[in-house]
Protein chains: 2
Amino acid sequence: MNEVSNFFKSAFSIDNVIFGFDEGDLKVLLIKRGTEPYKGLWALPGDLIYPNEGLETAANRVLLELTGLQKVYLEQVHAFGAVDRHPLGRVITIAYFSLVKISDFVVTPSSFAQKAKWHSVAKAQEQTLAFDHNDILDTCFDALKSKVRVRPVGFELLPPKFTLTELQHLYEAILRTPLDKRNFRKKILSMHLLIDLDEMQEGVPHRPAKLYQFDKKRYHKFEAEGFSFELKESKSKDQKRRIEEIIEG
Amino acid sequence: MNEVSNFFKSAFSIDNVIFGFDEGDLKVLLIKRGTEPYKGLWALPGDLIYPNEGLETAANRVLLELTGLQKVYLEQVHAFGAVDRHPLGRVITIAYFSLVKISDFVVTPSSFAQKAKWHSVAKAQEQTLAFDHNDILDTCFDALKSKVRVRPVGFELLPPKFTLTELQHLYEAILRTPLDKRNFRKKILSMHLLIDLDEMQEGVPHRPAKLYQFDKKRYHKFEAEGFSFELKESKSKDQKRRIEEIIEG
DNA sequence: CTCTCTTAGTGTAAATAGTACGGCAATAAC
DNA sequence: GTTATTGCCGTACTATTTACACTAAGAGAG
């Protein structure tokens, strides 16, 4: 077998797709590159991994430097290692996504020393990003979409107190599909994972909504009993009809 | 930002969890290490990634060298990068799992030049493997378990013609839960993804079963229409009762 | 104070999907 | 022909999902 030392010619990095939710829209935090390569293009925040640093540690470091936030939801998604993905050498990058509550950090000066900005995910996906960051963003967005169906991670994006409508909008933004209001509420409430705070929204120019909180403790108890959070992909009549057609002929 | 060249002190590898299905049991292909470190222990097949080699290419190469198989199902799962995971240096490894039909390769001499052997996954998980390969195996097994619920990948492990009972045993082995025979058949057949070959099993000492084939073409058509394969995790009465208790109390 | 605007909140019937469960049928071996 | 083994089938019950439309509450304008 080849000696390890023969292969010391590559570098690792992490890239972090930081998602936030604001104004009813799913956002991603991007940085404008100030140096070559890809100077002037928007890129995902990331950095090379230090020699004595674990992968997740590196991802958390990037997040902390940029947002000042610690202990946020972070999940590894995929390693990207196309030979030519970095013009300066072989760099394999490991992509993470994290979910932050935008309201949690009021633009600390340090965090925006580099020009960082929230972008609508949909718009970011349409423009050209640096490196293979379009791939990475797409992959991480898809990972979030899948995750949100099977784990209650959406709450990581909302403030601690939220309304059912906000929650629904969040799911609609992530799943990119409209949901029926009554069915959504019924489903969510039937999981018994929301605490009704007996508080009302304030300062809204219309009927105020009730505020809820995610019941993390209960969720952990449920998990221990093998309970599984599930938001099924629902099939429309149209889809069913077209599937019928394939079966018939 | 740090120069890329400062970081040229690490290596990448891939490790491949190769799953097979035989004798009603899920198997994994392991190699006995002939050299230090971890000499004598069983390990996942893997190798360092060559400087000009993509990640998936490397994973396929390892697979090809070991089994002689090409074009098998391969999926990236997770990158493992604990600082001390390799005693000889910093090596970040990217774990893949692949699904092979054991019947496809009749132990080619070259493939077993290194001592490779199929192990029951359950037993492999109980013994100590080299490096962090227990972690990797567990993670990949869980990934397979999740995957099998939402994509019809199980067929990759079966010969082209199989019986419904074989298919059920496969799912039971992966999900590690017994399934009701009639309900399983009903569910699978209702998906219209199996072609009834009008052929019978031969040489079995009991009533022979019908043979089926997975209808890949139709599945791709369904996919294009947004159809989603789904095998739900079913909750037992017991589980439901315990969840009720949490809600009440 | 009343009218308007906006969003919150609610129920039910029909269809679909999931669950639990027992007995006869076909073959090979003896 | 008897036995052992596995294949194959159907129904009643329950739970979940779907589709769908109106009234309620508050803010703001006049």
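Keep in mind that the numbers below use all heavy atoms, side chains included, and drop hydrogens, waters and symmetry copies. Computed from a prediction, not measured in an experiment: that's the story for all the values here.
Taking atom CG of Asp180(A) as the reference point, atom P of dT16(D) lies 18 Å away to the nearest angstrom. What separates CD1 of Ile188(A) from C1' of dT10(C) is a distance of 17 Å, to the nearest Å. Between the CD atom of Gln168(B) and the C1' atom of dG7(D) there is a distance of 12 Å, rounded to whole Å. Taking atom CG of residue Leu179(B) and atom P of nucleotide dC21(C), one finds them 15 Å apart after rounding to whole Å. A straight line from CZ of Arg182(B) to P of dC24(C) spans 13 Å, rounded to a whole angstrom. The interatomic distance linking His206(A) (NE2) with dT23(D) (C1') rounds to 17 Å, in whole Å. Rounded to whole Å, the distance from CG on Asn183(B) to P on dG10(D) is 14 Å. For the pair Phe184(B) CZ and dG18(C) C1', the computed distance is 15 Å after rounding to whole Å.
Taking side-chain N and O atoms only, Arg185(B) has a distance below 4.0 Å to OP1 or OP2 of dC8(D). OP1 or OP2 of dG7(D) lies within a sub-4.0 Å distance of a side-chain N or O belonging to Thr165(B).
A donor-acceptor contact closer than 3.5 angstrom is absent between the side chains of Gln70(B) and Asn60(B).
By the 4.5 Å heavy-atom criterion applied to side chains, Leu74(A) and Asn16(A) are counted as neighbours. For the pair Leu26(A)/Glu172(A), no side-chain contact is recorded, criterion being any heavy-atom separation below 4.5 Å from C-beta on.
Aromatic pair Phe155(B)/Phe162(B): ring centres closer than 6.0 Å.
On a pure distance criterion of 3.5 Å, no polar donor-acceptor pair joins the side chain of Lys232(B) and the base of dT16(D). Side chain Arg207(A) to base dA8(C): a donor-acceptor pair is found below 3.5 Å.
Of the listed nucleotides (dA21(D), dG9(C), dA27(D)), dG9(C) has the atom at the smallest distance from the side chain of Ala209(A).
The pair Glu225(A)-Lys221(A) fails the salt-bridge criterion, with no side-chain N (NZ, NE, NH1 or NH2) lying under 4.0 Å from an Asp/Glu carboxylate O.
When heavy atoms are screened at a 4.0 angstrom cut-off, Lys186(A) is found touching base atoms of the nucleic acid. Using a 4.0 Å heavy-atom criterion, one finds that Lys187(B) contacts the sugar-phosphate atoms exclusively. Lys181(B) comes within 4.0 angstrom of a base, heavy atoms only.
With the nearest nucleotide of DNA chain C identified for both Met200(B) and Glu230(B), Glu230(B) has the one nearer the 5' end.
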